[in-house]
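Given the structure is predicted, the values throughout are model-derived calculations rather than measurements.
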Amino acid sequence: VQLQASGGGLVQAGGSLRLSCAASGRIFSSFVMGWFRQAPGKEREFAAAIRWGAGTKYYADSVKGRFTISRDNTKNAVYLQMNSLKPEDTAVYYCAAASFYSTIPAPYKYWGQGTLVTVSS
């Protein structure tokens, strides 16, 4: 499985961005697709995840109500719609795939290259 994230950029606080993650290879219905982020000097942290088959969604408390994760099985793509962005959302965002749900990075076997999101105040 190969993942490629895109859609990052510079946005003002309160603005929106939509990240995309294109997946190639065999995506099993049991897979969980996640978005993680890593701010400078900080550890990589969980943002959101979605079960590829069932579509069940999970969010970190820090993004709940502002971010929406979705997937398009026909396009093998996962999206992260980010609204009401804050300066503390500034980070490199990574999409990842795992065989089970987790909020920690270790179980995610496949990773995209990351896309930078910068939110100015």
Trainee: When rounded to the nearest 0.5 angstrom, what distance separates OG in S24 from CG in N76?
Mentor: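 One gets 8.0 Å once the value is rounded to the nearest 0.5 Å.
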Trainee: Is the shortest distance from a Lys or Arg side-chain nitrogen in D61 or K64 to a carboxylate oxygen in the other one below 4.0 Å?
Mentor: yes
Trainee: Looking only at heavy atoms, which two atoms of A49 and V32 are closest? And how far apart?
Mentor: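 A49 and V32 have their closest heavy atoms at CB-CG1, 3.8 Å.
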Trainee: Transitively linked via ILVMFWY side-chain contacts under 4.5 Å: Y110 with I27?
Mentor: yes
Trainee: Is the number of heavy atoms from other residues, nucleotides or ligands under 6.0 Å of Q2 CD greater than 12?
Mentor: no
Trainee: Restricting to non-hydrogen atoms, name the atom on F46 and the atom on T103 that form the minimum distance, rounded to 0.1 Å.
Mentor: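 Where F46 meets T103 most closely, the heavy atoms are CB-O, 3.2 Å.
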Trainee: Mind telling me whether Y58 and Y101 have parallel, tilted or perpendicular rings, with 30° and 60° as the class edges?
Mentor: parallel
Trainee: Please round to the nearest 0.5 Å and tell me the distance separating atom OG of S62 and atom CD of E45.
Mentor: 5.5 Å
Trainee: Do F36 and L17 belong together in a cluster built from hydrophobic side chains that touch within less than 4.5 Å?
Mentor: no
Trainee: Return yes when atom NZ of K75 has more than 12 non-hydrogen atoms of other residues, nucleotides or ligands closer than 6.0 Å, and no otherwise.
Mentor: no
Trainee: If Ile, Leu, Val, Met, Phe, Trp and Tyr residues are connected whenever their side-chain heavy atoms lie under 4.5 Å apart, and connections chain through other members, are V92 and W35 in the same group?
Mentor: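 Per the 4.5 Å side-chain linkage, V92 and W35 are not co-clustered.
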Trainee: So how far is it from E43 CD to I104 CD1, rounded to the nearest 0.5 Å?
Mentor: 11.0 Å
Trainee: Does the ring of Y94 carry R37 above it, NZ/CZ under 6.0 angstrom from centre and within 45° of its axis?
Mentor: no
Trainee: Would you say that more than 12 heavy atoms from the other residues, nucleotides or ligands in this model lie under 6.0 Å from the CD of E88, or not?
Mentor: yes
Trainee: Dump the intermediate steps for side-chain contact (heavy atoms from CB on, under 4.5 Å) on S16 and M82, then the final yes or no.
Mentor: CA-CA 5 Å; S16 299; M82 306 185 296; over 6 Å; no
Trainee: If hydrophobic clusters are built from ILVMFWY residues whose side chains come within less than 4.5 Å, do F28 and L3 share one?
Mentor: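 In one cluster with F28: L3, yes.
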Trainee: Between Y108 and A96, what is the shortest heavy-atom contact and its length?
Mentor: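 Looking at all heavy atoms of both residues, the shortest contact is CD2-CB, 3.6 Å.
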Trainee: In terms of hydrophobic clustering (I, L, V, M, F, W, Y; side-chain heavy atoms under 4.5 Å; direct or indirect links), are Y79 and M33 co-clustered?
Mentor: no
Trainee: Please find the pair of heavy atoms, one from A5 and one from T115, that lie closest to each other, and give the distance.
Mentor: CB-CG2, 4.2 Å
Trainee: Do the side chains of F67 and L80 get nearer than 4.5 Å, heavy atoms only?
Mentor: yes
Trainee: In Å, rounded to the nearest 0.5 Å, how long is the span from NZ of K86 to OG of S121?
Mentor: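 Reported to 0.5 Å precision, the distance equals 14.0 Å.
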Trainee: I want to check something: taking the side chain as every heavy atom from C-beta on, are Y93 and L116 in contact at a cut-off of under 4.5 Å?
Mentor: no
Trainee: Quick one: does any side-chain atom of R71 pair with a main-chain N or O of W52 as donor and acceptor, under 3.5 Å?
Mentor: yes
Trainee: Apply side-chain contact (heavy atoms from CB on, under 4.5 Å) to residues I69 and V78 and explain how you reach the verdict.
Mentor: CA-CA 7 Å; I69 190 170; V78 179; 4.0 Å; yes
Trainee: Quick check: closest heavy atoms across R66 and D89, and the distance to 0.1 Å?
Mentor: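 So the two residues come closest at NH1-OD2, 2.7 Å.
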Trainee: Of the non-hydrogen atoms in P107 and A98, which two are nearest, and what is the gap between them?
Mentor: O-CB, 3.5 Å
